[in-house]
Amino acid sequence: MTAADTTTAAGTGGGTGPAVTVEQMDVTYKVRGQDRLALRDISFQIGRNESYGLVGESGSGKSTVALALTRYLPRNGRVSAGSIRINGIDPLALGNTSLRELRARTVSMVYQEPGRALNPSIKVGRQIAEVYEIAGLDRKSALERSEAMLRKVQISDPGRVMERYPHQLSGGMAQRAVIAMALAAEPSLLILDEPTTALDVTVEAEVLDLVAALRDEFDTSVLFISHNLAVIAKMCDRVGVLYAGELIEEGVAREVFDQPRHPYTVGLLRCIPRRGQRKDNGRLDTIPGFLPPPGHSLTGCIFAARCPIAEERCRTAAPPAFAISPTRSSRCYLHEQTPDLPRNTPVNVELVSHRDAATAIVRVQGLSKTFDSRGEAVKALVGVDLSIERGETLGLVGESGSGKTTLARALLGLIAPDEGSIVELDSRPLEADARRRPREQLKALQIVFQNPDSALNRRHTVRRLISRPIARLAGLSGARLRERLADLVTSVRLEERHLALRPSQLSGGLKQRVAIARAFAGGPRIVVCDEPTSALDVSVQAAILNLLVDLQAKEQVTYLFISHDLGLVRYLSDRIAVLYLGRVMELGPAETVFAGPHHPYTEALLSAVPSLDGLHTERIRLSGEIPSAADPPSGCVFHTRCPRRLPTGICESTEPPLLEVAPGHLMSCHIPLDELRTLQDTGQAP
């Protein structure tokens, strides 16, 4: 045993100093024999029971900070300068035994994908119980504590969940199980690395409320990493903004988001649709250029190349961290000018065209889809009636399992709908199987999938992945093909160097950009966007949304836009359809649906959305999980979770029809529209 191994974790659960202190930390990776600096001069503190947020684009170093704190850096990475203290203990000086003790009792980490944190071959209860057994409990007591912890993270039937394997859990339930495992040791520091990115809005709200409550109960400090600025604004006391491995702005979260004092922070905030902003008001602002590569050697400000107000001194000397107030700092010579920062992207309101409301390019009628699952009939879609007008964007929202992706796949011919379903393009029936569709129909309908890993051929280069549909569907070759390729690459913010790479060499965000470019390569008329920006930073997301708006205006492209980010849906969509258990609950113009009165399910979805503007409405909590599509409730399928269920019993016995309650506004609810308006305006129950 080394001298370092004699260090114990004594005092890791208490004390009066900061929970985390990082001073002038550098992290270096050795790549092809050369040292490349990934983090430079990082200093921050996290107080006890404080939540500290880290934001920035992919590649800025957020996850590297977390890995450095826990000494989980890969073999080619190391903390090359500076110091780290967690409850006064230096993790860099610990031997293996003490390091394991620190990780087991003091620091817990929740990753973006719960599937990677759970062993697929071990039942959930057994995995959580191991944490308690390491702490010294016997097996029976450990299992009892595990069940209690699952109940604490709001899993309604913890006994059954403990007997399940990870693949048998929904995404939200799996994430709550991981949080239960992380909190089982009652850590003094909880690191959350994009914990809600893949979750729908209601589950995200539940997870965030859970983290906030457990933070107070266990007196835990939190390091919260996310590119969702609204989530950080809701969850964090203070925030640090990372750019290319440097902490360029830091302060109280509300102050940083209300009055940013660095051009990069201003740029991030302007990339997000805010205060009901829609595409009719013009394009989103974006941040030009690209993040400098790891190991860059710049003499001046690292953001100067992308900054609209950079001066000569910005390019010749790196700015220090200016103290704006006792709680605020900014690495910018011109931090006083940031409120008047000019836009990088022209508004171009005139580019937005009006849709052709008289022409329905796509129509589905009585669309149903039933899957067979272990002998059970799972009704993923039930009698859906929809039309999509030429040149419009129809937003499709609802929780996971509501049928959004199934509807999209049926439209694209990737799955065959049930007998009697009608799916038409230009008033002509579409073949149920895409392989039987003629070339013109294949060219007309394209899709951007949520997961690019399953959509991109790993053996092909980016150049081939995008060029192939240009040649086959658009019929271009030679110079015209190369011109179209270059235009697409620029539009989705890829670089020339990416063309020679294969998908395995790209980050998740870059893969999604390739998938988007490929979808537009053949000149489609309708593009199904299935969570196309969920893996993207807000800066790239804004560029993609602008691209969608521009293409729609110039080429009258029609979109079916699926997303759990209701802010993006509101910005981009002309109309919105709300699905629940495969049924349309509400359908109407975007502003009408968002303004209300809403269907009670829509009301619950909107109340769960975190706001970057500090306008937080009281969240309407839905009881229980979404019911099984194999055994849906009788009557209104939403009545088991509806906070406005009528006491007459009609909701339990009779399914409400989808009726027009106002011009162009359809709703499936027994409560009259005027009564819904009164209830929702006053916050009363029926």
Side-chain angles (χ1 to χ4, degrees), residues 41-47 50-57 60-62 208 212 222-244 246-277 281-288 301-304 306-311 313-314 318-345 347 537-539 541-542 567 571 609-617:
D41 194 23
I42 300 294
S43 298
F44 65 91
Q45 289 186 344
I46 304 177
E50 181 183 38
S51 182
Y52 185 91
L54 275 180
V55 301
E57 295 171 286
S60 60
K62 303 186 300 295
L208 295 180
V222 176
L223 174 60
F224 204 118
I225 297 169
S226 180
H227 64 250
N228 188 325
L229 303 187
V231 167
I232 294 293
K234 175 181 179 179
M235 295 296 294
C236 296
D237 304 305
R238 293 188 303 121
V239 64
V241 183
L242 275 177
Y243 180 78
E246 291 189 15
L247 196 62
I248 60 170
E249 183 167 6
E250 186 184 34
V252 175
R254 192 71 268 160
E255 293 178 1
V256 170
F257 292 140
D258 288 345
Q259 299 175 337
R261 299 298 294 269
H262 194 285
Y264 178 60
T265 312
V266 173
L268 289 178
L269 292 167
R270 288 184 178 179
C271 290
I272 304 169
R274 301 177 69 179
R275 299 181 180 90
Q277 183 180 357
N281 308 125
R283 297 190 295 172
L284 298 169
D285 203 8
T286 58
I287 304 174
C301 171
I302 55 171
F303 188 64
R306 305 175 72 185
C307 180
I309 58 173
E311 299 177 346
R313 60 175 170 170
C314 302
F322 292 97
I324 298 169
S325 74
T327 59
R328 291 287 304 276
S329 66
S330 172
R331 289 183 180 271
C332 179
Y333 290 117
L334 306 170
H335 58 85
E336 294 180 350
Q337 299 181 27
T338 52
D340 302 317
L341 202 68
R343 283 179 60 96
N344 292 303
T345 307
V347 177
D537 302 312
V538 292
S539 55
Q541 173 183 279
Y571 172 77
V609 179
S611 171
L612 191 57
D613 300 314
L615 305 174
H616 300 298
T617 58

One pair to check against side-chain contact (heavy atoms from CB on, under 4.5 Å): I272 and L229. What are the steps and the verdict?
CA-CA 9 Å; I272 304 169; L229 303 187; 3.6 Å; yes
Quick one: do E50 and V222 satisfy side-chain contact (heavy atoms from CB on, under 4.5 Å)? Show the steps, please.
CA-CA 6 Å; E50 181 183 38; V222 176; over 6 Å; no
Derivation of the side-chain contact (heavy atoms from CB on, under 4.5 Å) call for F322 and S329:
CA-CA 5 Å; F322 292 97; S329 66; over 6 Å; no
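Salt-bridge formation is detected for the pair R306/E57: a Lys NZ or Arg NE/NH1/NH2 atom is positioned less than 4.0 Å from an Asp or Glu carboxylate oxygen. With respect to R328 and E250, no salt bridge is recorded, no charged nitrogen being found less than 4.0 Å from a carboxylate O.
Across E249, R270, H335, a single residue satisfies side chain to side chain donor-acceptor pair (under 3.5 Å) together with T265, and that is E249.
In this structure, L247 and D41 have side chains that are not in contact, with every pair of non-hydrogen atoms separated by 4.5 Å or more. Contact check for F303 versus I248: no side-chain heavy atoms found under the 4.5 Å cut-off. Inter-residue side-chain proximity for P319 and C332 is flagged as unmet; no heavy-atom pair is nearer than 4.5 Å. By the 4.5 Å heavy-atom criterion applied to side chains, F224 and V239 are not counted as neighbours.
Distance CG/L242 to CD1/I42: 5.0 Å, rounded to 0.5 Å. One distance of note links OH of Y243 with CD1 of I287; it measures 8.0 Å at 0.5 Å rounding. In this structure, the separation between CG on L223 and CG on L54 is 5.0 Å, given to the nearest 0.5 Å. Rounded to the nearest 0.5 angstrom, R254 CZ and D258 CG are separated by 4.5 Å. Here R331 contributes atom CZ and I302 contributes atom CD1; the two are 8.5 Å apart, rounded to the nearest 0.5 Å.
Residue C271 comes nearest to T286 through the heavy atom pair SG-CA, 4.1 Å, listed as atom of the first residue, atom of the second, then distance. Closest heavy-atom contact between G56 and D537: O-OD1, 4.3 Å. The minimum heavy-atom distance linking H227 with V538 is given by the pair O-CG1, 3.5 Å. Of all heavy-atom pairs spanning T345 and R283, the tightest one is CG2-NH2, 3.9 Å. Taking each heavy atom of A253 and C236 in turn, the nearest pair found is CB-O, 3.4 Å. Across all their heavy atoms, P260 and T338 have their closest contact at O-OG1, 3.0 Å.
In this structure a side-chain-to-backbone donor-acceptor pair under 3.5 Å is present from R238 to Q45. A donor-acceptor pair under 3.5 Å is absent between the side-chain atoms of K62 and the main chain of S226, judged by distance alone.
In this structure, Q259 places its CD atom where only 12 or fewer heavy-atom neighbours from other residues, nucleotides or ligands lie under 6.0 Å away.
A search for salt bridge (Lys or Arg N to Asp or Glu O under 4.0 Å) contacts involving E311 returns R313, not counting sequence neighbours. P342 pairs by the side-chain contact (heavy atoms from CB on, under 4.5 Å) definition with P308, I309, not counting sequence neighbours. With sequence neighbours left out, the side-chain contact (heavy atoms from CB on, under 4.5 Å) criterion links E336 to R261. S330 is linked by a side-chain hydrogen bond (donor to acceptor under 3.5 Å, both in side chains) to nothing, counting only residues two or more places apart in sequence or in another chain. Applying the ring pair (Phe, Tyr, Trp, His ring centres under 6.0 Å) criterion to F44, with sequence neighbours excluded, gives Y52. Residues passing the ring pair (Phe, Tyr, Trp, His ring centres under 6.0 Å) test with Y571: none are found, sequence neighbours excluded.
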